[in-house]
Amino acid sequence: MAVTEKELQEILDQYPSKVQKNRTKHIFIKDGAESAQVIEANTRTIPGIITNRGCAYAGCKGVVLGPLKDMVHITHGPIGCGYYSWSTRRNKAKSDDPTQNFLNYCVSTDMQESDIVFGGEKKLAKVIDEVVDIFHPNCITVSATCPVGLIGDDISAVARAAESRHGVPVLAFSCEGYKGVSQSAGHHIANNILMERVIGAGEAEKAAGKYPINILGEYNIGGDSWEVERVLKEIGYTVVSVMTGDGSYEELKNAHTAELNLVQCHRSINYIADMLETKYGTPWLKVNFIGIQGMCESLRNMALYFGDEALIAKTEEVIAREVARIEPLIEQYKKICDGKTAFCFVGGSRGHHYQGLFAEIGIETVLAGYEFAHRDDYEGRQVIPTIKTDADTKNIPELHVSADEQRFRLKVSPEKMEELKQKIPLSDYAGMAVTMKDGSIIVDDLNHFETEEFIKLLKPDIFASGIKDKYVIQKMGIPAKQLHSYDYSGPYAGFNGAVNFARDVSMGFASPSWNYIVPPWQDEPLLTGTVTEEGVA
Ligand code: CFM
């Protein structure tokens, strides 16, 4: 199902020349024979073009902070930003102490016109006081929305004053929506302050159990991290913290005690992973808990890192049992899915991670991409030094960390680290492009025009993306699977997740509803013409 350069050019030719020049750089056809295929990413969307991206506030408050359950997250701004980021991401959490789980609440300063004119600082201070009074949380976050930056409210000063008034940490995030070209900027802003203020704030010097690890970039959408943790705990790992799915201030503050950091979503959290390595000497391992092969490989790599024979044996035992249990279940769904094709376009990591799971049920991904990832998520981390820093990137403060004098301890000797790096992806991510087949299309920041054009060209059997394009796609007669929210389903990670995914995708194909829809290209004549006195035109 390869696409030719000519076919791609025909799509791009429909753009005005300036737009065409821009979009050409964001799309390529995978060709393994070419040594380095460069893509432009993490740059501004052309004004007027509709894409699926979100804003810096969404990336900070919605994505990274939102799942932390024992903190109250205040949105400082008009009510819309708080309201639309209220429980829409399906990051689940349960707590042993139900009075310390605030995820179901939406707390906002609900700024009015008079606050915009006269300033919102007093109102913010009052809301923080109320939050302490009502909820007694372990920690409070304040996230700024666009107007807050425009009118110049000093949220850091308000937070500092409240912190000394109440003796509770109050963290201020200047994540105004416009701070970057997408939600990616918000991830970075959130990472910085969690690193500066939360991680390492705990007293613990050593983790309580064996093989202590942190799971970074796992947000427990539809219960994903619960399924992953089920397996990790059975093998014998101690999960110190999850960043940030079903996570908490209480766990995060002692995250420095882990011996290894796992990175699921590289895009949203590689900053913390890197900083933890510099500050505490803890390496990170790129894992992928989506798909059976991804899960097994990740577990084996973890066992190899610790290098303990008993751990390796237990890992193999659990893998053998789980795979034998789920394989027949997957097999029945594979009969429905086999030979089909998919588009897989998600935010900043799932566009890659789900390709393996699709392949396991017989579906080939012919187009993939990310809304807001950076070049390294496509091409691999080796390109980082060559990425140009533009004005938009410079907007986000870089946090400079150094080795912690008391707590820095190399977890693995430099020699051992080099040896391990040959075998497992330690402190490295190879990106999406390497695993894709020649002839498949890779698109950054796909827009609605291109969505329709590529569907017409490649006629995929399923399109995995999100709510913003789901119904456009379905109206074209293609089943659409939301890979952000999982369409009210999940978990999709780990062994049980793979079965759920195979079932849900099969249901998408088997639904009789498709018989009632006629895609536009089947309803329109392929040729149009008129007959005049001179002949046919
Ligand atoms: Fe990471 Fe995510 Fe993603 Fe992301 Fe997101 Fe998400 Fe996502 Mo939606 S943190 S980059 S900002 S894996 S909310 S849980 S699904 S776009 S691909």
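Both counts, for ligands and for their atoms, begin at 1 and track the order of listing.
Results of the salt bridge (Lys or Arg N to Asp or Glu O under 4.0 Å) test with Asp246 over Lys94, Lys69, Arg90 single out Lys69 as the only residue that passes.
The aromatic ring centroids of Phe501 and Phe358 lie less than 6.0 Å from each other.
No hydrogens or angles considered: a donor-acceptor pair under 3.5 Å links the side chains of Lys411 and Thr282. In summary, the side chains of Asp504 and Tyr492 do present a donor paired with an acceptor at a separation below 3.5 Å, with no hydrogens or angles considered.
Counted within 6.0 Å of NZ on Lys421, heavy atoms from surrounding residues, nucleotides or ligands total more than 12; the atom is thus considered enclosed.
Interface atoms of ligand 1 facing His484, defined by a heavy-atom separation under 4.0 Å, are 7 (Fe), 8 (Mo), 15 (S), 16 (S). Near Phe372, the atoms of ligand 1 lying under 4.0 angstrom from a non-hydrogen atom of the residue are 4 (Fe), 10 (S), 11 (S), 16 (S). Within the listing of ligand 1, atoms 14 (S) sit less than 4.0 angstrom from a heavy atom of Ile221.
The pair Glu297-Arg300 does not meet the salt-bridge criterion, since no charged nitrogen lies less than 4.0 angstrom from a carboxylate oxygen.
Residue-and-atom listing of protein N/O/S atoms under 2.8 Å from atom 1 (Fe) of ligand 1, sorted by chain and number: Cys265 SG.
Arg89 NE, 3.0 Å is the protein heavy atom nearest to atom 13 (S) of ligand 1.
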Practice prompt. Evaluate the side chain to side chain contact (heavy atoms under 4.5 Å, CB included) criterion for residues Asn270 and Val263: first the C-alpha distance (whole Å), next the side-chain angles of each, then the deciding distance (0.1 Å), finally the verdict.
Written response: CA-CA 7 Å; Asn270 75 92; Val263 171; 5.6 Å; no
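Applying the side-chain hydrogen bond (donor to acceptor under 3.5 Å, both in side chains) rule to pairs touching residues 191-202 yields Glu163-Arg197, sequence neighbours excluded.
Heavy atoms of Glu371 found under 4.0 angstrom from ligand 1: none, in either backbone or side chain.
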